[in-house]
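Here is the structure we will look at, set down as structure tokens.
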Amino acid sequence: MTSNPSSAVSTYDVVLIGGGVMSATLGVLLRQLEPNLSIALFGRLDDVALESSNGWNNAGTGHSALCELNYTPLRPDGNVDISKAVNVNEAFQVSRQFWSYLVESGQIASPRDFLNPIPHMSFVWGAENTDFLRRRHTALQEHPLFSGMSFSTDEGQLRQWMPLVMHDRKPGEPLAATWHPAGTDVNFGALTRRLVGILKGRPGFELHLGHEVEDLKPAGNNEWDVSVRALHGGAERKVRAKFVFIGAGGGALPLLQKSGIPEARGIGGFPVSGQFLRCTNPDIVARHHAKVYGKASVGAPPMSVPHLDTRVIDGQRGLLFGPYAGFSTKFLKQGSWLDLPRSIRMDNIGAMLAVARDNWPLTRYLIQQVLQSADDRIKALQDFVPSARKEDWELITAGQRVQVIKKDPTRGGVLQFGTEVVTGAGGSIAALLGASPGASTAAPIMLTVLQRCFGGRLPQWAARLREIVPSYGVKLAQDPELCAQVRERTRTVLQLEG
Ligand SMILES: Cc1cc2nc3c(=O)[nH]c(=O)nc-3n(C[C@H](O)[C@H](O)[C@H](O)COP(=O)(O)OP(=O)(O)OC[C@H]3O[C@@H](n4cnc5c(N)ncnc54)[C@H](O)[C@@H]3O)c2cc1C
């Protein structure tokens with residue numbers, strides 16, 4: 001940190017806004033590449049990882065397309081399109097390499113602090129879905145990123161893979177599943193705390209919790225004046241930043257709008273909240289060891305694919321089922337009801353209205369979800385766990401996802417379900433919007449931020465980047481030998497399976 005003599009404000013090379021997995025990942029990456037950078041992280045809550053990155057506020061799936069059917073749509077010609085699945089898996093291999101580097105270099109003591117091997121399964125019923133799953137398996141099994149996936153329609157095999165799901169199931173309906181041992185359950189809250197732990201206490205890093213960023217304005221020279229308010233009685237103050245990362249989760253859109261960069265114009269947000277049923281009854285938990293993903297119902301957004309997950313949070317095992325979608329106008333779980341109305345601007349209202357006009361199936365789906373009773377939720381669970389009893393499951397509220405709405409030349413506006421990195425002002429500011437595949441891909445997303453905002457320094461960072469992520473700059477899907485090496489090394493270092 002330096003003091004700017006003209007205005008006596010503190011100046012940092014990097015200001016990170018938000019104490020979630022995204023800011024923490026970027027902070028650690030930058031620290032590895034340039035240890036002398038001055039970095040300040042401002043988070044509005046009193047600890048890190050209390051919003052979406054918290055262990056129980058997301059499903060903890062290490063998304064690598066081993067089980068999520070929405071990444072492999074059926075093409076009109078009857079073949080399964082695996083291109084998105086390949087990209088998602090490639091991205092997760094980058095995360096695996098980044099985490100392996102942190103473990104090997106002793107910066108994270110044990111992978112078990114945040115990561116557990118849990119098989120990933122897809123599970124469907126009905127002849128048509130069984131046929132789809134078989135085609136999906138055929139398309140994926142030969143690919144170097146997906147090798148090791150098994151498919152079965154045999155009741156005995158399914159019972160062995162997922163005894164709880166098969167218990168008390170009525171006979172007669174065709175069932176099919178795939179199983180992959182390389183699946184993971186990630187406690188992104190624990191990961192965030194470990195990452196911030198790497199930064200904390202080192203010279204040049206400041207952690208300011210209970211500090212809300214209220215505004216940011218250009219200060220000339222591609223620098224930023226960031227206005228910060230201490231929420232426990234402190235005054236508002238300004239700091240100057242040479243680079244700002246808005247990793248504020250749902251709070252990113254309002255801050256991006258305040259920055260005034262042209263790249264933010266026309267962008268809107270649509271919040272969808274998530275709820276899960278959680279079971280901690282040890283007798284039931286012991287009978288399930290997988291993340292089992294099904295098919296989304298018609299009209300449902302991709303992130304509402306139902307799934308039954310083994311979770312490992314701080315050494316305790318539990319089960320999650322969901323998500324059930326909800327509607328709230330808050331952009332953060334601990335946000336304000338005014339978040340959505342306040343985000344509506346002249347430049348994005350057209351796109352938002354166009355999305356409202358074009359997305360009736362989604363609206364209908366959300367209304368149906370919001371009106372669900374406790375019995376309706378248990379009924380949905382019983383599709384997966386026929387023997388489920390209400391008294392063993394509690395409803396918990398997870399994080400908020402703010403889906404990105406963008407202008408579209410033909411339709412006026414479109415709703416996106418992925419993540420979006422927005423950069424501007426000569427690469428001096430970046431923001432992360434959206435939520436899927438989410439935390440699993442924090443490391444590759446932050447590599448994108450480096451490329452777009454620190455491009456001039458990349459040549460000198462390239463060798464170091466390859467130490468951290470050996471596949472940096474290479475598509476694993478096109479290099480089977482490197483792919484096998486990367487999978488094997490990260491499997492060993494992270495104590496994973498398959
Ligand atoms: C229901 C649900 C299920 C999910 N399941 C998965 C999954 O299985 N796998 C997966 O990979 N991803 C999943 N995700 C997505 C994943 O949780 C998110 O992508 C990820 O946690 C986002 O991290 P973040 O750091 O951007 O945001 P967050 O973790 O939300 O952190 C944002 C931080 O910014 C702070 N903040 C906000 N505004 C300000 C401000 N003005 N000033 C200072 N600080 C501010 C907040 O307090 C918070 O600390 C899921 C998300 C949800 C909601």
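- Atoms CD and CD, from Q403 and E420 in turn, are 12.0 Å apart once rounded to the nearest 0.5 Å.
- Side chain of S336 to main chain of L338: a donor-acceptor pair is present (N/O by atom type, distance under 3.5 Å, no hydrogens or angles).
- The distance between the ring centers of W99 and F114 falls below 6.0 angstrom.
- Within 6.0 Å of atom NZ in K84, 12 or fewer heavy atoms from other residues, nucleotides or ligands are found, so the atom counts as exposed in its surroundings.
- Between the side chains of D309 and T61, at least one donor N or O sits under 3.5 Å from an acceptor N or O.
- Between the side chain of N129 and the main chain of W125, a donor-acceptor pair closer than 3.5 Å is present.
- In this structure a side-chain-to-backbone donor-acceptor pair under 3.5 Å is missing from H288 to P163.
- In plain terms, the two heavy atoms of A325 and V272 that are nearest each other are CB-CG1, 4.0 Å.
- Across all their heavy atoms, Q334 and R44 have their closest contact at O-NH1, 2.8 Å.
- A distance-only check finds a donor-acceptor pair linking the side chain of R202 to the backbone of I198 [under 3.5 Å].
- Annotation: cation-pi pair R278/W56 present, NZ/CZ under 6.0 Å from the ring centroid and within 45° of its normal.
- A donor-acceptor pair is defined here as one N or O able to donate and one able to accept, closer than 3.5 Å; such a pair exists between the side chain of D376 and the backbone of S373.
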In sequence, state the C-alpha distance, the side-chain angles, and the governing distance for R491 and E497, and then conclude on side-chain contact (heavy atoms from CB on, under 4.5 Å).
CA-CA 6 Å; R491 185 187 68 78; E497 312 277 339; 5.9 Å; no

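- Contact between G268 and L253 at its shortest, heavy atoms only, is C-CD2, 3.6 Å.
- Environment of CD in Q316: sparse, with no more than 12 heavy atoms of neighbouring residues, nucleotides or ligands closer than 6.0 Å.
- Side-chain atoms of S273 come within 3.5 Å of backbone atoms of G326 as a donor-acceptor pair (strictly under, hydrogens ignored).
- Heavy atoms from other residues, nucleotides or ligands lying under 6.0 Å from CD of E155 number 12 at most.
- Ring planes of H208 and F42: parallel class, angle under 30° (limits at 30 and 60°).
- Between the side chain of R401 and the backbone N or O of G274, no donor-acceptor pair lies under 3.5 Å.
- More than 12 heavy atoms of other residues, nucleotides or ligands sit less than 6.0 Å from atom CD of Q451.
- Ring pair F123/Y293: centre-to-centre distance not below 6.0 Å.
- The closest side-chain donor-acceptor pair between Q107 and Q32 falls under 3.5 angstrom.
- Using modelled atom types, one finds no donor on one side chain facing an acceptor on the other under 3.5 Å when comparing D154 with S152.
- Residue V305 comes nearest to G294 through the heavy atom pair CG1-O, 3.1 Å, listed as atom of the first residue, atom of the second, then distance.
- Remark: side-chain polar atoms of S23 are not paired, donor with acceptor, to backbone N or O of G19 under 3.5 angstrom.
- Summarising the local packing, CD of E128 is surrounded by 12 or fewer heavy atoms from other residues, nucleotides or ligands at distances under 6.0 Å.
- Heavy-atom neighbours of E481 CD from other residues, nucleotides or ligands within 6.0 Å: at or below the threshold of 12.
- The side-chain contact (heavy atoms from CB on, under 4.5 Å) test with K291 singles out one residue from M121, R311, H180, H307, and that residue is R311.
- With R169 contributing its side chain and S387 its backbone, the two residues share no donor-acceptor pair below 3.5 Å.
- When atom types are taken as modelled, the side chain of Q400 and the backbone of K330 share a donor-acceptor pair closer than 3.5 angstrom.
- Checking H167 against R159 by side-chain atom types alone, no donor-acceptor pair falls below 3.5 Å.
- The two residues F98 and I468 have their closest heavy-atom pair at CD1-CG2, 3.7 Å.
- Atom CZ of R96 is separated from atom CZ of R489 by 10.5 Å, given to the nearest 0.5 angstrom.
- Residue V196 comes nearest to A24 through the heavy atom pair CG2-CB, 3.9 Å, listed as atom of the first residue, atom of the second, then distance.
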